[in-house]
Peer 1: 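This is the structure I want to talk about, given as structure tokens.
So you know, we letter chains A, B, ... as the sequences are listed, proteins then strands, and number each from 1. These values consider heavy atoms only, across backbone and side chains, with no hydrogens, waters or symmetry-generated copies.
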Protein chains: 2
Amino acid sequence: MIMANADIPTSHTDVLIVGAGPAGLMMATSLAKCGIDTRIIDKRGTKIFNGQADGLQCRTLEIFDSLGFGHRAWRESNHMLEIRLWNPDENGIIRLSDRIPDTLVGISRFQQVVLHQGRIERFFLDTMQECRGNPVERGVLPTELHIDESLVDDCDAYPITVRVRHLSESESTPDQTATSANGQAVQDGLFRSNLTTDDTHELLERANLDSKANSEGIIKAKYLLGADGAHSWVRRQLGFKLEGDSTDYIWGVLDIVPITDFPDIRMRCAIHSASSGSVMVIPRENKLVRLYIQLTTTENAAEGGAAKADRSKISPETILASAQKIMAPYKITYRKLDWWTAYQIGQRVGTSFSAHERVFLAGDGMMFMIGTCMCVRDRLTLVLPAVHTHSPKAGQGMNVSMQDTFNLAWKVASVVKGTSSRAILKTYQSERRRIAQDLINFDHRFSRLFSGRPAKDVMDAEGISMEEFKDAFVKGNMFASGIAVDYGASIIVAKAGDTTNQGDGTDVSASAKYRVQSTQSLAPGIPVGKRMPSVKVLSQSDARPWHFQELLPSNGRWRVVFFVGNLSNAFERQRADAIGSDLDHEASFLRQYTPANARYDSVFEILAVHCAPRARTTIFDFHPVFRPFDEVDGWDYAKILVDEESYHEGYGRIYETFEIDQEVGCAVVIRPDQYVSYVGAVDDIESVNKFFAGFMMPAREKYMATLDAPGLKVNSNGVSATIAAPTAT
Amino acid sequence: MIMANADIPTSHTDVLIVGAGPAGLMMATSLAKCGIDTRIIDKRGTKIFNGQADGLQCRTLEIFDSLGFGHRAWRESNHMLEIRLWNPDENGIIRLSDRIPDTLVGISRFQQVVLHQGRIERFFLDTMQECRGNPVERGVLPTELHIDESLVDDCDAYPITVRVRHLSESESTPDQTATSANGQAVQDGLFRSNLTTDDTHELLERANLDSKANSEGIIKAKYLLGADGAHSWVRRQLGFKLEGDSTDYIWGVLDIVPITDFPDIRMRCAIHSASSGSVMVIPRENKLVRLYIQLTTTENAAEGGAAKADRSKISPETILASAQKIMAPYKITYRKLDWWTAYQIGQRVGTSFSAHERVFLAGDGMMFMIGTCMCVRDRLTLVLPAVHTHSPKAGQGMNVSMQDTFNLAWKVASVVKGTSSRAILKTYQSERRRIAQDLINFDHRFSRLFSGRPAKDVMDAEGISMEEFKDAFVKGNMFASGIAVDYGASIIVAKAGDTTNQGDGTDVSASAKYRVQSTQSLAPGIPVGKRMPSVKVLSQSDARPWHFQELLPSNGRWRVVFFVGNLSNAFERQRADAIGSDLDHEASFLRQYTPANARYDSVFEILAVHCAPRARTTIFDFHPVFRPFDEVDGWDYAKILVDEESYHEGYGRIYETFEIDQEVGCAVVIRPDQYVSYVGAVDDIESVNKFFAGFMMPAREKYMATLDAPGLKVNSNGVSATIAAPTAT
């Protein structure tokens, strides 16, 4: 118990985040988009560091796009298009043996890219500022955590108390920062200039740290996120463990501008040498290439290689020498070294992701390798992230971490706002711990295939089959895209089956009274539990083509999409009008859970997709619920879409692609994180009402409280919305 | 003559720009990209103002993209996809009569959009900062101009002297700024937040103006650009006139968030009422719509409408009343008014665009309507821009102004750097005054068609035929895209024919010794004189698809592109090697005009486009001149392209699209502004040498001077390039 102390100032926040890496920043940004009061602290005094590039999955780019900065990542990153597999030939010489597209064709509008983590953090910080979120409080160390268990079920309580101490500048500066500031890469023209422009503010802030040094504070919070990485302080306070194992394989990493005659140095390559180990080539921005280089082979690992390796002798020179051996007869060297490290492969996952659904854990923590491996070269330790850990070569770590908190943020936001009951919070562990387990299993197999010696021939039972390796690579591609994620049945996913089997074992089912079944056959192309797929549709009012996902920005809102068919037909026209009337009815979810004085689309956005000829249709052919009126802003023109060919950007054929019968239609409920909750009959509003009744909180008692929530007053296009009179109360 | 005065500090700059509107900022940004020392002054104390949205042509967006911010304009703008023509039916009631795509399909990878001018200026200012260009000096008024004619032919001289005075804050603040700050629109959430974030710096700067108030300075410059709009001070100093006429038609402009049952309010519409005049609807960002509303009809104009109109009575209310009359029976009103103005249509063009090729004029000046119409309502005067003026409805003004200075900037930059002779500067007037004349002719016809009363029937000789109007609209679309621009034969465009006939009458021909003929038939799809068209090609080294134009960023460099065919064939392989040897020869343009100690691609970028199977080709199949080596950065991987299908972004078929025979190939010379100078035989390096000999300056004598030019040290990808040893000297 943290004792009240008159000398220590106490402040309150809805959500406190510990750790300002990608996972923590994703949480802070997503909450800022929802208008939730959030604080984010980090013990480090600055965000500037080298290295730390990582692959961005298709799904991560989709998420970035939903937050408004996908295009920045897309432009600045290096795009990886093709994977090339180099294997030993019959003479043991490496040869190009296969080519695979780096991203499966057609699974997303984005493809996997690589970008420096510093840029990714910059995008988050800029977006937080634009949404008027609180800035990161740097150089702030949490020292005590107390959870008042008697308050955890009280929605309005602040059961969490955290004591923090402000560090001095020297305490909050990792040694590595000083090291990397002397690196060659940060001396580069444009690269430096980007950092300079962006980080001036941070550098100034840092200089002010000392004025607060050693002062203390108490922060009381409704919710706490531990996204504090390798040696997570939050996890240790909770006493949670990581389960899994480590291998004896040691790998080195070099970020260099290579000088080489190896012809595929700008491709992603997996190079398996006959007996010297493997190299993974990851081309990066600005002519940089990251090489993952195996330092211990199966043979010396079997002799306890990792334990025996003289860790103090690992250096860029020794890592390069290994690469040269593996890549021979090609030559490789460098004049520019941006960053380097070494690590031991291991896979671990946390036993629990949450305490009382008040404290949550997330984040992979690979970023903290920098602290253990760069600065203290003789203490090369196994990295232990906050929740799960795996080898970075599959490019999964940062992605999964950010997707963890993207999954969590809207749930916490809707509970804090009073829109949802606390029941939905259990789905965080159920959905994300399952993903972590799947990832660990994938990575376990993949890293062993990659670290093993290639089989000489089919009789070589101890060697790895290169066919099997290629197969794992191809299958892993879908996994690694992030698109394959398929959340199990739960209170927020209306799927058949047992919720405990489909998640990590946690019971997250809706009570029987509110259990709803999807009719997946109405839209086989929109699988319930997966993220909403996307093709181009046109806006009825102005003929502009949009990728459907662009209509689903991350701002905490649910979407209910009605595929209403062809309104030129009297039957479909009447049916659409009836849907409109049902939605407009006092008993509908729309009226029940939208606060009476809030904007009409503050909780649910109603979208209609029709397939009548666009030129003979106007928005006035639709019930007003599909084009709500505002006394100052007029009609809403953005919510009626049409399935028609665009002038310049092709034809999405959304009904055909999603296998929706034009006459039958369907209704689709999409979560605020773009995952599909429900597919059902287009005019079965009753089922949608029932689905939301399972976890939503009636709006009447709480609408006064939401009037001041900043997020509710700005719509998805950034247009200021005036508080409209309630329509049906 | 400005007298030397010991009390007035004197400074030097290569280029001085007067006026920081879009034309001036385009010049400053383009010069900053080339590393030219530039100063830009503006008498206004701040850039913040309302209104001033304008259509951005396809070509303007291509140019923005070449400067690195096309994506920002594309994302933030409202996209216009379809034009709808509303005409009176047999009962005189307006009806939808036609639909036309707003941008012709296939002419560009961009389509016309509308964006607030403040955002466009922001993109320029950000880019200038990134390139370390000088910031705009605001509140600085030029008071005297002197040109020392004895020095105009001396490349290194500073023949221009301008005396300037720093204004106080109140002197430099247009009344309109204060007015618009009280408008409703700037109170909007996101809109305001954008401005706030962006303009904090400017606002702080503004507060400092008074400390310098009334101090004076002398600026000596090699070149001067007058981009100072309506009442151009620079033009008046030169004594140049505008020629053309004005009409008696008065139009009003309202920027509003409309509340209306008119169904096409989010489309670009031309509404011709039977006898109440016309309205043009231009949908904008954030639910805003701009309406151009005719206030005087043919009938009252014939009675001297403009002269007789009681100008003091023009107000938003009276303009709205006109719109309501024209758009009846539809209702239209508003609660949010963002900006309004009124103007009299006229078309004028300057008699000359340059004095001694030392002082240049550019800029349309429509922006200054704000000063005359908004603040002083009873002084509704005809707007007189710096060079040419025309009606804004065609959306041409700002575009043509920016394209003027985009044309000029690289020419001035290459002369200042010593790369080119001063002979190329005459092509500015020859190329751009011709464009202005064409625009005036187009606009003259278009505005009369739009302002006229629709014909009641074929017997109504005084009425305007709606068929003729539609025809003008469709034809105007190509013109209005900016893509149709076709520069005539000149010292920098190797076309047949008389240069004076093809431009504005100025003689800009190369001397007979250096005259080169293009062989257009080798690539009919790449018309000499027009901007380089674009389709997707793949980078050989990493399979990444690029739109060809993306490979032509605006940084002052010429590109010479070799379509070398299929290098799997021995003949084509040998031919490509021979081309490489010729380029590498001491006598080639590449070696002659590239400063000995500068980066290999600082003046010319050599690109190769081949069509051999990508998977069986590497960059090492090419002569090193196509993949230059740098001792620190290794091989250049970016300059060899392949015509092959991409995994995710289609198939450009560049040989087929540009009608280039795969076996024959061709060489293409592309100017730094993306216009095509020459098409010829792929291995005829001699003609290319001759072409460049017509205006380029041998590098040997001047290379020392260029070593410090900042633009030369950063390559197109922003990678810092080390000075490489000369290859062939």
Peer 1: Measure distances from A:F620 to the heavy atoms of chain B and classify the residue's part below 4.5 Å as side chain, backbone, both or neither.
Peer 2: side chain
Peer 1: Assess the residue pair A:K336 and B:D633 against the criterion (salt bridge (Lys or Arg N to Asp or Glu O under 4.0 Å)); give the C-alpha distance rounded to whole Å, side-chain angles, the decisive distance to 0.1 Å, and a yes or no.
Peer 2: CA-CA 8 Å; A:K336 280 189 190 164; B:D633 285 334; 3.0 Å; yes
Peer 1: Quick one, B:I259 with A:F629, criterion side chain to side chain contact (heavy atoms under 4.5 Å, CB included). Give me CA distance, side-chain angles, the key distance, then yes/no.
Peer 2: CA-CA 9 Å; B:I259 299 177; A:F629 183 77; 3.8 Å; yes
Peer 1: Between A:K287 and B:Y637, does a side chain to side chain contact (heavy atoms under 4.5 Å, CB included) hold up when you go through it step by step?
Peer 2: CA-CA 9 Å; A:K287 291 196 94 171; B:Y637 295 94; 4.1 Å; yes
Peer 1: With a 4.5 angstrom heavy-atom cut-off, is it the side chain or the backbone of A:R84 that approaches chain B, or both, or neither?
Peer 2: side chain
Peer 1: If you count heavy-atom pairs within less than 4.5 Å of chain B, which of A:A615, A:P283, A:P258 leads?
Peer 2: A:A615
Peer 1: Side chain, backbone, both or neither: which part of A:P263 has an atom under 4.5 Å from a heavy atom of chain B?
Peer 2: both
Peer 1: Heavy-atom pairs under 4.5 Å with chain B: which of A:R544, A:M267, A:R266 has the most?
Peer 2: A:R544
Peer 1: Side chain, backbone, both or neither: which part of A:L104 has a non-hydrogen atom closer than 4.5 Å to chain B?
Peer 2: backbone
Peer 1: Between B:R614 and A:E82, does any NZ, NE, NH1 or NH2 come within less than 4.0 Å of an OD or OE carboxylate oxygen?
Peer 2: yes
Peer 1: Given a strict heavy-atom distance threshold of 4.5 Å, which part of A:S541 is in contact with chain B: side chain, backbone, both, or neither?
Peer 2: both
Peer 1: Based on non-hydrogen pairs under 4.5 Å, which of B:P101, B:C131, B:S646, B:P545 is most in contact with chain A?
Peer 2: B:P101
Peer 1: Kindly give the heavy-atom pair with the smallest separation between A:D542 and B:N78, and that separation in Å.
Peer 2: OD2-OD1, 4.4 Å
Peer 1: Would B:H648 and A:H79 count as a side chain to side chain contact (heavy atoms under 4.5 Å, CB included) if you check the C-alpha gap in whole Å, the side-chain angles of each, and the deciding distance to 0.1 Å?
Peer 2: CA-CA 12 Å; B:H648 310 280; A:H79 293 208; over 6 Å; no
Peer 1: Is B:L538 close to chain A through its backbone or its side chain, or both, or neither, when contacts mean heavy atoms under 4.5 Å?
Peer 2: neither
Peer 1: In Å, rounded to the nearest 0.5 Å, how long is the span from OG1 of A:T618 to CG of B:L96?
Peer 2: 11.0 Å
Peer 1: Pick from B:V257, B:V105, B:I265, B:D264: which one has the most heavy-atom pairs with chain A under 4.5 Å?
Peer 2: B:V105
Peer 1: Measure distances from A:R99 to the heavy atoms of chain B and classify the residue's part below 4.5 Å as side chain, backbone, both or neither.
Peer 2: side chain
Peer 1: Would you mind checking which part of A:T260 comes under 4.5 Å of any heavy atom in chain B, side chain (CB onward), backbone (N, CA, C, O), both or neither?
Peer 2: both
Peer 1: Roughly how far apart are B:E631 CD and A:R335 CZ, rounded to 0.5 Å?
Peer 2: 6.0 Å
Peer 1: Taking it one step at a time, do B:Q111 and A:E649 satisfy side chain to side chain contact (heavy atoms under 4.5 Å, CB included)?
Peer 2: CA-CA 11 Å; B:Q111 291 93 47; A:E649 298 177 33; 4.0 Å; yes
Peer 1: Provide the closest heavy-atom pair for A:L81 versus B:A543 in the form atom of the first, atom of the second, distance.
Peer 2: CG-O, 3.5 Å
Peer 1: Under 4.5 Å heavy-atom distance to chain B, tell me which part of A:S539 shows up: side chain, backbone, both or neither.
Peer 2: neither
